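What you see is a predicted model, and the numbers here were worked out from it, not measured in a lab. If you read the sequence from its start, that first residue is 1, and numbering goes on from there.
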Amino acid sequence: MAAKYHILKLIPLLFAAAGATACFGTSGGNRNSGGDTASAEASAGDFPLRYTYRIKAVYPHSTDSYTQGLYWHDGYLWEGTGQYRQSALLQVDLQTGEALRRVDLDPGYFGEGIALLGGLIYQLTWLEGTGLVYDGSSLEQVDTFEYSGQGWGLTTDGQYLYMSNGTHEIAVLEPGTMRKVRTVRVSLDKRRLSQINELEWIDGRIWANVYGTDQIAVIDPVGGVVEWLVDLTGILPAEDRTPRTDVLNGIAYDSERGRIFVTGKYWPKLFEIEPVRK
C-alpha cells in the first residue's frame with residue numbers, strides 16, 4: 001500500500017499494548033484449500049495463537065521494488081510493485097532477486113496486489129478503481145475490471161479471488177465476472193481488525209500483512225477470525241535499513257516445498273521463514 005498516513009506509525013503500539021491488539025476503523029488508506037491447522041490446536045476462545053519466527057534462508061530483493069503483491073508459481077517469484085510511474089508486474093529469480101520479465105503499468109496507475117487464477121494474472125490498482133488482467137504465459141494484458149473503493153491485497157483459494165481494501169473487510173470475487181459473492185469481516189479478539197493489506201492463501205487460511213506493523217494475521221476465510229498472529233519484529237536488521245526502507249509487505253507460499261517467503265517495500269532481502277509458537 002502507498003506510504004499513506006503518519007498516524008499508522010501508532011499501529012504497532014496498539015499490538016504491543018495489553019488488551020489492545022486490534023486496529024479500529026477503516027483505512028485512510030493460490031492454491032488449493034488445506035487443513036484446519038490452527039483449529040486443531042485451540043478452541044475459538046483461545047485465539048489468536050501467537051507466533052514468532054525462525055529464518056530458514058535469506059535471498060536478495062531489489063531495493064527498487066515497492067512491494068505490493070507477491071506469490072510463487074512454477075519456480076519463480078511474481079511481484080507486483082507500486083508508486084506512480086514505477087509500478088510493474090515482475091517475474092523474479094529467487095536466487096538473484098533479478099527481474100527476468102517486467103510489464104510496466106501505465107504511469108497513471110499505482111500497482112497493488114496480484115494473484116494467479118485460471119491461467120490469468122490479476123493486478124489491482126490503489127485509487128484508480130481498475131484491475132488489470134494478463135495472460136499468465138505471455139504477460140500480455142487481455143482485460144480490465146472495475147471495482148469501487150481502494151485496491152490493496154489479492155489472493156486466491158483456487159476458485160475465488162480475495163481482495164482487501166485496507167479496512168477490516170475482504171471481498172470474495174468470482175473470476176470472470178468479478179462479482180462479489182460474499183464478504184469476510186476480519187476480527188481479532190472479537191473486535192474488527194483493519195489495515196488488512198497484502199494477502200496469501202496458505203493451507204486453507206488467509207495470511208495478511210497488517211499495514212504499518214510487523215504482524216501477519218492468519219485469518220479463517222469463513223468467519224474472519226484471526227487465528228494466529230505471527231510477529232516478525234526485527235526480521236530486517238537495522239544495518240540493512242536506510243531512510244528509504246519502508247514497511248513489511250509481501251507474503252508468498254511455495255506449496256510444493258512448504259516454503260513461506262516474506263519481504264517488504266524497498267527491502268534488500270527476502271526471507272524464508274518458519275512460524276514458531278511462542
Side-chain angles (χ1 to χ4, degrees), residues 1-3 30-31 51-83 86-103 111-116 121 123-124 152-156 164 197-203 205-218 228 230-276:
M1 187 42 44
N30 336 35
R31 330 291 180 256
Y51 285 76
T52 181
Y53 61 93
R54 181 171 73 88
I55 297 174
K56 300 183 70 175
V58 182
Y59 302 94
H61 180 255
S62 174
T63 53
D64 291 330
S65 290
Y66 190 79
T67 307
Q68 301 289 72
L70 197 68
Y71 69 81
W72 176 269
H73 175 67
D74 201 23
Y76 298 98
L77 281 167
W78 294 79
E79 187 166 11
T81 67
Q83 301 289 21
Q86 299 176 33
S87 296
L89 171 67
L90 309 173
Q91 181 184 13
V92 179
D93 181 85
L94 176 64
Q95 298 298 327
T96 66
E98 294 180 358
L100 304 177
R101 290 197 289 172
R102 177 187 181 102
V103 178
E112 287 286 346
I114 58 173
L116 173 70
I121 300 172
Q123 184 171 25
L124 302 176
W152 286 39
L154 197 65
T155 192
T156 177
S164 67
N197 199 3
E198 215 272 307
L199 308 176
E200 178 72 338
W201 187 273
I202 303 178
D203 291 338
R205 292 295 181 267
I206 300 170
W207 288 50
N209 288 118
V210 182
Y211 181 70
T213 80
D214 291 322
Q215 311 292 320
I216 292 176
V218 181
W228 298 9
V230 184
D231 184 356
L232 298 185
T233 298
I235 193 167
L236 185 67
E239 58 267 27
D240 288 327
R241 294 181 175 272
T242 71
R244 192 179 188 220
T245 304
D246 212 307
V247 298
L248 176 78
N249 200 51
I251 310 167
Y253 181 53
D254 174 5
S255 60
E256 291 186 358
R257 297 178 59 181
R259 297 186 295 178
I260 300 171
F261 303 104
V262 298
T263 190
K265 304 171 187 291
Y266 298 143
W267 283 24
K269 294 177 179 177
L270 177 138
F271 300 90
E272 180 188 345
I273 64 164
E274 176 185 351
V276 178

Heavy atoms only: give me the nearest [X]-[Y] pair and the separation to one decimal.
{"X": "Y253", "Y": "E200", "answer": "N-OE2, 2.8 Å"}
{"X": "L70", "Y": "E198", "answer": "N-OE2, 3.4 Å"}
{"X": "K269", "Y": "V58", "answer": "CD-CG1, 3.7 Å"}
{"X": "T263", "Y": "L248", "answer": "O-CD1, 3.4 Å"}
{"X": "W152", "Y": "N197", "answer": "CE3-OD1, 3.3 Å"}
{"X": "Y53", "Y": "T233", "answer": "OH-O, 3.0 Å"}

Legend entry - Reported CD-to-CZ distance for the pair E272 and R259, which is rounded to 0.5 angstrom: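 E272 CD to R259 CZ: 5.5 Å, rounded to 0.5 Å.
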Legend entry - Point-to-point distance, once rounded to the nearest 0.5 Å, from CD of Q123 to CG of L116: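 Here the rounded value is 13.0 Å.
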Inset, instruction - Assess whether atom OH of Y59 is packed by more than 12 heavy atoms of other residues, nucleotides or ligands within 6.0 Å. - result: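 Yes, enclosed.
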Legend entry - R244 atom CZ, neighbour heavy-atom count above 12 within 6.0 Å: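 Counting neighbours around CZ of R244, more than 12 heavy atoms of other residues, nucleotides or ligands fall under 6.0 Å, so yes.
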Inset, instruction - Please determine if R205 forms a cation-pi arrangement with W228, meaning its NZ or CZ atom is less than 6.0 Å from the six-membered ring centre and no more than 45° off the ring axis. - result: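 Cation-pi check for R205 and W228: fails.
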Considering only heavy atoms from C-beta outward, does the side chain of [X] approach that of [Y] to under 4.5 Å?
{"X": "R241", "Y": "L236", "result": "yes"}
{"X": "F261", "Y": "D254", "result": "yes"}
{"X": "W267", "Y": "T63", "result": "no"}
{"X": "Y266", "Y": "Q83", "result": "yes"}
{"X": "I235", "Y": "V262", "result": "yes"}
{"X": "W207", "Y": "P275", "result": "yes"}

Inset, instruction - Could you give me the CA-CA distance, side-chain angles and deciding distance for I251 and L199, then say whether side chain to side chain contact (heavy atoms under 4.5 Å, CB included) is met? - result: CA-CA 7 Å; I251 310 167; L199 308 176; over 6 Å; no
Legend entry - Of D231, V230, V210, the residue whose pairing with I216 passes side-chain contact (heavy atoms from CB on, under 4.5 Å):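 Checked D231, V230, V210 against I216; only one passes side-chain contact (heavy atoms from CB on, under 4.5 Å): V230.
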Inset, instruction - Please state whether the rings of Y71 and W78 are parallel, tilted or perpendicular, taking 30° and 60° as the class boundaries. - result: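 Geometry flag for W78 against Y71: parallel rings.
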Inset, instruction - Kindly write out the residues that satisfy side chain to side chain contact (heavy atoms under 4.5 Å, CB included) with S65, not counting sequence neighbours, or none if the list is empty. - result: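 Here the qualifying residues are H61, S62, T67, E79, T81, L90.
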Inset, instruction - Would you sort out whether I260 and I202 count as a side chain to side chain contact (heavy atoms under 4.5 Å, CB included), showing the intermediate values? - result: CA-CA 9 Å; I260 300 171; I202 303 178; 4.2 Å; yes
Inset, instruction - Kindly determine whether Y66 and N249 satisfy side chain to side chain contact (heavy atoms under 4.5 Å, CB included), including the steps that lead there. - result: CA-CA 9 Å; Y66 190 79; N249 200 51; over 6 Å; no
Inset, instruction - Start with the C-alpha distance between L154 and I114, add both sets of side-chain angles, then the distance that settles side chain to side chain contact (heavy atoms under 4.5 Å, CB included), and finish with yes or no. - result: CA-CA 5 Å; L154 197 65; I114 58 173; 5.7 Å; no
Legend entry - Chi angles and distances behind the salt bridge (charged side-chain N to carboxylate O under 4.0 Å, His left out) call for K265, D246: CA-CA 5 Å; K265 304 171 187 291; D246 212 307; over 6 Å; no
